[in-house]
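The chain is numbered in sequence order, starting from 1. Both counts, for ligands and for their atoms, begin at 1 and track the order of listing.
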Amino acid sequence: MLPTLEWQGDVIVMVDQRKLPGQEIYVRCRTAPEVARAIRTMIIRGAPAIGVAAAMGIALGMRRSTAKGTRQFAVEFQKTCDMMAATRPTAINLFWAIDRMKRTFAEGAHAGESPDELAARLENEARAIHDEDVASCRAMGRVGAALVPDGARVLTHCNAGALATAGYGSALGVIRAAVEQGKHVAVIADETRPFLQGARLTAWELLRDGIKTTVITESMAGPLMRAGDIDLVIVGADRIAANGDTANKIGTYTVAVLAHAHELPFYIAAPLSTIDLSTPDGEHIPIEERDQRELTHLGSSRLTPVGATIRNPAFDVTPHRYIAGIITEKGIIRPPYTESLRDAFGIIESARH
Ligand code: MRU
């Protein structure tokens with residue numbers, strides 16, 4: 001399986017997703033600031049992968065800490081968490097993972113552990129977050145594969161694959177699972193302007209697995225739907241609000257509206273860690289605005305005239321009414337989402353007690 005990121009001794013190694021598919025280069029992060037920079041600059045990207053990387057980065061930072069005494073160690077831990085939290089604002093998995101690391105720290109501190117013991121505890125938690133992410137992708141695959149008929153042509157947007165998670169993928173995990181069940185599935189990958197996650201990453205990882213993939217520009221999705229060349233849509237998510245409104249890569253909203261107009265099912269595949277019940281609706285999801293250079297340039301070549309005003313929101317929000325179902329590791333969540341999302345968490349809460 002494609003390793004998105006892994007520990008190698010004292011370093012975290014991740015494939016540089018800015019360079020794929022032309023070059024397969026592995027970046028070695030030795031410090032927490034290096035991991036934060038990798039997230040910010042999109043060496044690693046995709047909501048679940050960002051969360052896993054942040055947890056591993058925090059653990060790495062604290063393992064290398066030279067703090068004298070628990071008090072100083074706690075101050076350093078808080079600063080490291082703040083640094084990770086400032087990397088990318090939309091993907092809720094980032095904040096979910098940081099909160100989990102904070103709870104882990106608090107448990108150890110409460111038990112009177114030394115800095116070395118706390119660091120070991122944090123590393124165990126980061127490893128658990130990594131492994132659980134792969135497990136939840138596989139579970140989402142098992143759950144979602146039932147929605148993919150044999151012979152289906154599935155449109156996806158951005159990259160919600162192994163590269164966007166600790167492994168296997170959310171939306172692409174569902175497709176992988178359907179293929180593993182012996183179904184013939186063809187994927188249509190939107191190129192995903194401006195960072196080209198679909199053209200570069202989705203196509204690369206699916207072809208590596210021998211899954212038939214056609215890359216299109218996003219403006220081709222409508223005509224292909226109209227021609228009857230697409231059967232369903234499955235995409236990932238960066239944050240799902242309490243009413244089911246879902247933030248995902250810019251362009252997803254357009255795809256959802258098109259799917260609705262052509263009466264095609266539009267599914268989100270996302271782990272429960274992407275659901276944010278504290279955000280009431282899509283209006284309240286912070287949308288990251290990224291560097292204009294992602295639009296103005298292709299590599300070192302300038303595309304737009306100097307002086308043109310540029311907007312580069314990295315995500316958009318799909319209103320819940322366009323979403324036929326949310327595929328999670330615990331099952332498919334259906335409308336009405338305000339009730340069903342709350343119920344999904346109720347089940348988890350009661351399983352914990
Ligand atoms: O800006 P990116 O590449 O981090 O955006 C990624 C996406 O929008 C993905 O679709 C989303 O994070 C789901 S990944 C399983």
Go ahead and list the nitrogen or oxygen contacts between ligand 1 and the protein that come in under 3.5 Å, distances to 0.1 Å, or just say none.
{"from": "ligand 1", "atom 1": "1 (O)", "to": "R88", "atom 2": "NH1", "distance (Å)": "3.4"}
{"from": "ligand 1", "atom 1": "1 (O)", "to": "R88", "atom 2": "NH2", "distance (Å)": "2.8"}
{"from": "ligand 1", "atom 1": "1 (O)", "to": "K249", "atom 2": "NZ", "distance (Å)": "2.7"}
{"from": "ligand 1", "atom 1": "3 (O)", "to": "R45", "atom 2": "NE", "distance (Å)": "2.8"}
{"from": "ligand 1", "atom 1": "3 (O)", "to": "R45", "atom 2": "NH2", "distance (Å)": "3.3"}
{"from": "ligand 1", "atom 1": "3 (O)", "to": "Q197", "atom 2": "NE2", "distance (Å)": "2.8"}
{"from": "ligand 1", "atom 1": "4 (O)", "to": "G46", "atom 2": "N", "distance (Å)": "2.9"}
{"from": "ligand 1", "atom 1": "4 (O)", "to": "R88", "atom 2": "NH1", "distance (Å)": "2.8"}
{"from": "ligand 1", "atom 1": "8 (O)", "to": "D238", "atom 2": "OD1", "distance (Å)": "2.8"}
{"from": "ligand 1", "atom 1": "8 (O)", "to": "N248", "atom 2": "OD1", "distance (Å)": "3.2"}
{"from": "ligand 1", "atom 1": "8 (O)", "to": "K249", "atom 2": "N", "distance (Å)": "3.2"}
{"from": "ligand 1", "atom 1": "10 (O)", "to": "N248", "atom 2": "OD1", "distance (Å)": "2.7"}
{"from": "ligand 1", "atom 1": "12 (O)", "to": "A47", "atom 2": "N", "distance (Å)": "2.8"}
{"from": "ligand 1", "atom 1": "12 (O)", "to": "D238", "atom 2": "OD1", "distance (Å)": "3.0"}
{"from": "ligand 1", "atom 1": "12 (O)", "to": "D238", "atom 2": "OD2", "distance (Å)": "3.2"}

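- Environment of NE2 in H262: crowded, with over 12 heavy atoms of neighbouring residues, nucleotides or ligands closer than 6.0 Å.
- The two residues R63 and G9 make their nearest non-hydrogen contact at NH2-O, 3.0 Å.
- A side-chain donor from one of D276 and S278 sits under 3.5 Å from a side-chain acceptor of the other.
- Remark: T165 pairs with P48, D133, C137 by the side chain to side chain contact (heavy atoms under 4.5 Å, CB included) rule, at least two apart or across chains.
- Residues meeting the salt bridge (Lys or Arg N to Asp or Glu O under 4.0 Å) test with R18, sequence neighbours left out: D16.
- Looking at residues two or more places apart in sequence or on another chain, you find no side chain to side chain contact (heavy atoms under 4.5 Å, CB included) involving A86.
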